[in-house]
There are 2 protein chains.
Amino acid sequence: MQSKNEPDGQKRSFIEEARRAQIIAAAVQTIASVGFPKASLARIAATAGISKGVISYHFAGKDELMDQVVVTVYTDIAEHLLPRLAEKDTATDIVRAHVMGVAEYALANPERMRTITEIFVHDRDAEGVPRYGALAAEPLYESLETLYREGQASGELRAFDPRVMAVTQQAGIDAMFGYWMARPDTDLLAHARELADLFVRAVRPD
Amino acid sequence: MQSKNEPDGQKRSFIEEARRAQIIAAAVQTIASVGFPKASLARIAATAGISKGVISYHFAGKDELMDQVVVTVYTDIAEHLLPRLAEKDTATDIVRAHVMGVAEYALANPERMRTITEIFVHDRDAEGVPRYGALAAEPLYESLETLYREGQASGELRAFDPRVMAVTQQAGIDAMFGYWMARPDTDLLAHARELADLFVRAVRPD
DNA sequence: TTAGATTCTGGCCATGCAGTCAAAAAATGA
DNA sequence: TCATTTTTTGACTGCATGGCCAGAATCTAA
């Protein structure tokens with residue numbers, strides 16, 4: 001058996017990689033449809049049409065599986081978002097592109113978006129401590145913070161606490177998605193445009 | 001036995017009322033300290049120093065207990081917040097008082113604040129549907145929306161989508177609290193002042 | 001004092017969970 | 001072909017949960 005070896009030792013076999021991808025996809029689908037608390041390994045296995053033991057064979061445990069799901073989805077979001085941000089010049093335009101980019105991604109990939117939200121909110125270790133707590137958002141906050149600071153240095157943005165602005169912008173985006181999930185009839189892109197306006201007004205000089 | 005009767009039939013006995021209050025308090029304390037998923041009835045009973053069966057005797061089930069916790073805390077928050085909002089005249093002042101009022105309450109009652117957040121986020125019915133989902137926030141959204149509309153009608157506020165603003169303001173407040181919970185060193189009231197400024201700038205006319 | 005109602009205890013039950021394992025099946029390669 | 005390795009199966013373990021209940025303890029009132 002070689003399932004126990006991380007990418008450290010040998011490379012993973014083709015079939016091994018395919019199974020892992022299949023199981024990750026089944027996990028995304030299951031979590032999105034029944035929510036994290038009811039997405040047991042048995043249920044994920046059923047979604048994939050395999051026996052429960054296969055998951056244990058290919059992943060060290062549920063924790064490793066969830067980690068892989070998060071990495072997979074995050075990479076996907078970054079691939080969608082980063083190019084859009086790179087082509088903007090001003091901080092204001094980047095803020096707008098950030099809000100709009102996430103909304104576009106969510107509209108195109110609601111399953112992945114819902115899954116990652118579910119994992120962030122619900123996944124906890126044996127002691128009840130969140131496995132993706134405030135720490136997970138930290139890199140995000142830092143990059144937004146850097147963006148704001150540069151805009152403030154150039155005089156494009158007013159003086160404000162960049163950390164509070166970053167936390168609030170991220171919260172506004174998350175809430176937009178949550179609201180849309182609960183009320184799919186609403187116009188997500190219109191919400192995103194309003195939200196972008198809101199933050200542009202919040203950061204610009206008097 | 002009379003535990004099964006809601007306030008409809010007879011009034012509740014003195015001891016009955018005292019026990020219910022004690023159990024609700026124990027639930028608040030337990031959920032705040034170990035989180036909702038680990039706050040089992042057995043654990044809540046242990047916190048209260050009583051046998052598990054007592055909870056079943058005085059409450060129809062865990063759902064009723066959680067409902068009572070929510071009602072208790074919500075009532076408490078409203079009693080703190082409403083008088084402060086009532087004495088303000090302009091929409092701008094009310095927005096500011098709302099943000100600051102919640103922050104003050106959280107600072108004085110972190111246990112209750114954390115408990116209600118935990119319940120909202122984690123409590124789900126047997127089918128996995130959130131028991132306090134988007135519906136729970138609806139009344140809140142509506143009152144903020146009304147406030148904004150009045151401000152817009154009087155010309156004090158610019159034209160914007162009041163629903164998006166309400167969702168975002170609430171999200172900003174929730175995130176402020178979550179951030180403070182994760183990093184208790186930070187200055188909650190300073191965060192609240194920044195947040196209030198942010199929204200005041202977002203709603204005022206150009 | 002005593003009968004009846006109320007309240008409490010602690011053990012029990014069915015359910016669902018993550019993870020384990022021996023054995024079966026499938027793939028591999030000599 | 002056949003021995004060896006990789007992969008899969010499905011039953012099993014141990015644990016935690018919410019709810020249930022028979023009997024004990026306590027309280028109330030006549």
Side-chain angles (χ1 to χ4, degrees), chain A residues 1-5 9-23 26-27 30-31 34-69 118-119 122-128 131, chain B residues 1-5 9-23 26-27 30-31 34-69 118-119 122-128 131:
Chain A
M1 85 158 84
Q2 61 194 154
S3 74
K4 302 299 184 200
N5 54 8
Q10 267 70 356
K11 72 273 182 181
R12 254 189 282 267
S13 78
F14 176 76
I15 192 168
E16 170 92 10
E17 210 53 68
R19 263 282 190 252
R20 284 174 64 96
Q22 178 202 17
I23 292 168
T30 307
I31 294 170
V34 305
F36 183 88
K38 293 193 77 83
S40 63
L41 291 184
R43 207 147 177 171
I44 293 169
T47 300
I50 59 180
S51 168
K52 191 173 59 139
V54 185
I55 298 181
S56 298
Y57 179 73
H58 290 282
F59 293 89
K62 201 180 188 185
D63 286 357
E64 205 218 71
L65 174 55
M66 291 305 125
D67 289 345
Q68 293 309 312
V69 169
E118 282 284 312
I119 294 176
H122 288 105
D123 199 3
R124 303 201 166 177
D125 66 19
E127 286 80 36
R131 292 192 65 241
Chain B
M1 83 158 85
Q2 60 194 153
S3 74
K4 302 300 185 199
N5 54 9
Q10 267 71 353
K11 71 275 181 183
R12 254 190 280 266
S13 77
F14 175 76
I15 193 167
E16 170 92 10
E17 210 53 68
R19 265 280 192 252
R20 285 174 64 97
Q22 179 202 16
I23 291 168
T30 307
I31 294 170
V34 304
F36 183 88
K38 294 193 76 82
S40 62
L41 291 185
R43 209 148 175 170
I44 294 170
T47 299
I50 58 180
S51 168
K52 193 175 56 141
V54 185
I55 298 180
S56 298
Y57 179 73
H58 290 282
F59 294 89
K62 202 180 188 184
D63 285 356
E64 205 219 73
L65 174 55
M66 292 304 126
D67 289 346
Q68 292 310 312
V69 169
E118 282 285 312
I119 294 176
H122 289 104
D123 199 4
R124 304 201 165 177
D125 66 19
E127 284 80 36
R131 292 193 64 240

Distance check needed: D:dG18 C1' versus B:D125 CG, whole Å only. 15 Å
B:Q22 CD - C:dT7 C1' separation (whole Å): 13 Å
Rounded distance (Å) that lies between atom C1' of C:dT20 and atom CZ of A:F59: 18 Å
For A:I50 and D:dG10, what is the distance between atoms CD1 and C1' respectively, to the nearest whole Å? 13 Å
Rounded to the nearest 0.5 Å, the CD1 atom of A:I31 sits from the CG atom of A:L65 at a distance of 7.0 Å
For nucleotides 16-18 of chain C, print each protein N/O atom paired with a nucleotide N/O atom at under 3.5 Å, atom names and distance only.
unit_1: C:dA18; atom_1: OP1; unit_2: A:K62; atom_2: NZ; d: 2.8
unit_1: C:dA18; atom_1: OP2; unit_2: A:L41; atom_2: N; d: 3.0

Taking only side-chain N and O atoms of A:R19, does any of them lie within less than 4.0 angstrom of OP1 or OP2 on D:dT8? yes
For B:A27 versus B:V69, what's the shortest heavy-atom pair and its separation? CB-CG2, 3.9 Å
Using a strict threshold of under 4.0 Å (side-chain N to carboxylate O), is an ion pair present between B:E64 and B:R20? yes
A:I55 CD1 - C:dT20 P separation (whole Å): 14 Å
May I ask you to decide whether B:D125 forms a salt bridge with B:R131, counting only side-chain N to carboxylate O separations under 4.0 Å? no
hbond_proxy B:S51 side chain to C:dG10 base (donor-acceptor, 3.5 Å cutoff): yes
Could you pull out the closest heavy-atom pair between A:P37 and B:R124, with the gap in Å? CD-NH1, 3.8 Å
Rounded to the nearest angstrom, tell me the gap between atom CG in B:D123 and atom P in D:dG18. 11 Å
With sequence neighbours excluded, give me every side chain to side chain donor-acceptor pair (under 3.5 Å) pair touching residues 45-55 of chain B. B:T30-B:T47
Whole Å only: how far is the CD atom of B:E64 from the C1' atom of D:dG19? 14 Å
How close or far is atom C1' of D:dT5 from atom OH of A:Y57, stated in whole angstroms? 9 Å
To the nearest 0.5 Å, what is the distance between CG on B:L41 and CZ on B:F59? 10.5 Å
With the side chain of A:H58 defined as its heavy atoms from C-beta on, choose the nearest nucleotide among D:dT9, D:dT8, C:dC8. D:dT8
Nucleotide nearest A:V54 when distance is taken to its side chain, options C:dT9, C:dT6, D:dT8: D:dT8
